[in-house]
Amino acid sequence: MYQESDNSGFVTLTSSHVSGTMFAIGVTVVTYTAIDASSNTITEMFTLTIEDIENPVLSGIPSNITQNTNNGLATAVVNWTEPTVSDNSAYVSLTSSHVSGDMFQIGVTVVTYTAIDAASNEIMESFTNWLLQ
């Protein structure tokens with residue numbers, strides 16, 4: 001609360017938010033109301049929009065993997081620790097082209113993880129799986 005003055009004396013100024021307040025992602029209406037000694041009131045407001053422009057963060061993307069096939073087969077199950085994702089917003093979708101425990105054929109396979117948050121900020125990271133016979 002702030003004290004100002006006008007031609008009728010002191011004016012009390014209140015606001016819905018204090019300067020320096022942390023605002024969440026989204027739209028917030030900030031309101032200021034002034035009331036003078038004669039109970040004259042005026043209210044002004046403005047809209048504050050906080051946009052999410054920060055990409056999610058993927059942690060723990062595996063290093064490239066080289067593995068031999070199972071005996072007598074042209075395939076093998078390949079396991080790794082799945083990465084994690086974090087973001088400054090509450091919602092993040094994490095998808096991958098393959099998951100740990102999938103069966104892979106002989107050759108080179110790129111495994112890609114994609115994280116997308118609610119504001120459509122996106123990050124993609126990959127590692128390579130080499131399956132040898």
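As the structure is a prediction and not an experimental result, all values here were calculated from the model. Sequence positions, counted from 1, serve as the residue numbers for this chain.
- To the nearest 0.5 Å, atom CD of residue Gln105 and atom CG of residue Leu73 are 10.0 Å apart.
- Closest of all the heavy-atom pairs between Ser97 and Val110 is OG-O, 3.7 Å.
- You'll find the side chain of Ser86 stays beyond 4.5 Å of the side chain of Thr84, heavy atoms only.
- The backbone N or O of Thr128 sits less than 3.5 Å from a side-chain atom of Asn64, completing a donor-acceptor pair.
- In terms of heavy atoms, Asp117 sits closest to Pro56 at N-CG, 4.0 Å.
- Considering all non-hydrogen atoms of both residues, Ser100 and Glu82 come closest at N-OE2, 2.8 Å.
- In the hydrophobic clustering (ILVMFWY side chains linked at under 4.5 Å, chained through shared members), Val78 is joined by Leu58, Ile61, Ile65, Trp80, Val85, Val92, Leu94, Phe104, Val111, Tyr113, Ile123, Phe127, Leu131.
- We find the CE-OG1 distance between Met124 and Thr112 to be 5.5 Å, quoted to the nearest 0.5 Å.
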Under 3.5 Å, sequence neighbours excluded: what are the donor-acceptor pairs made by side chains of residues 37-54?
| from | atom 1 | to | atom 2 | distance (Å) |
| --- | --- | --- | --- | --- |
| Asn40 | ND2 | Asp36 | OD1 | 3.4 |
| Asn40 | ND2 | Asp36 | OD2 | 3.0 |
| Thr41 | OG1 | Ser39 | O | 3.4 |
| Thr43 | OG1 | Thr33 | OG1 | 3.3 |
| Asp52 | OD1 | Glu54 | N | 3.0 |
| Asp52 | OD1 | Asn88 | ND2 | 3.3 |
| Asp52 | OD1 | Asn121 | ND2 | 3.3 |

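- The heavy-atom pair separating Ala118 from Ser89 by the smallest distance is N-OG, 4.3 Å.
- Between Val77 and Gln67 the shortest heavy-atom distance is O-NE2, 2.9 Å.
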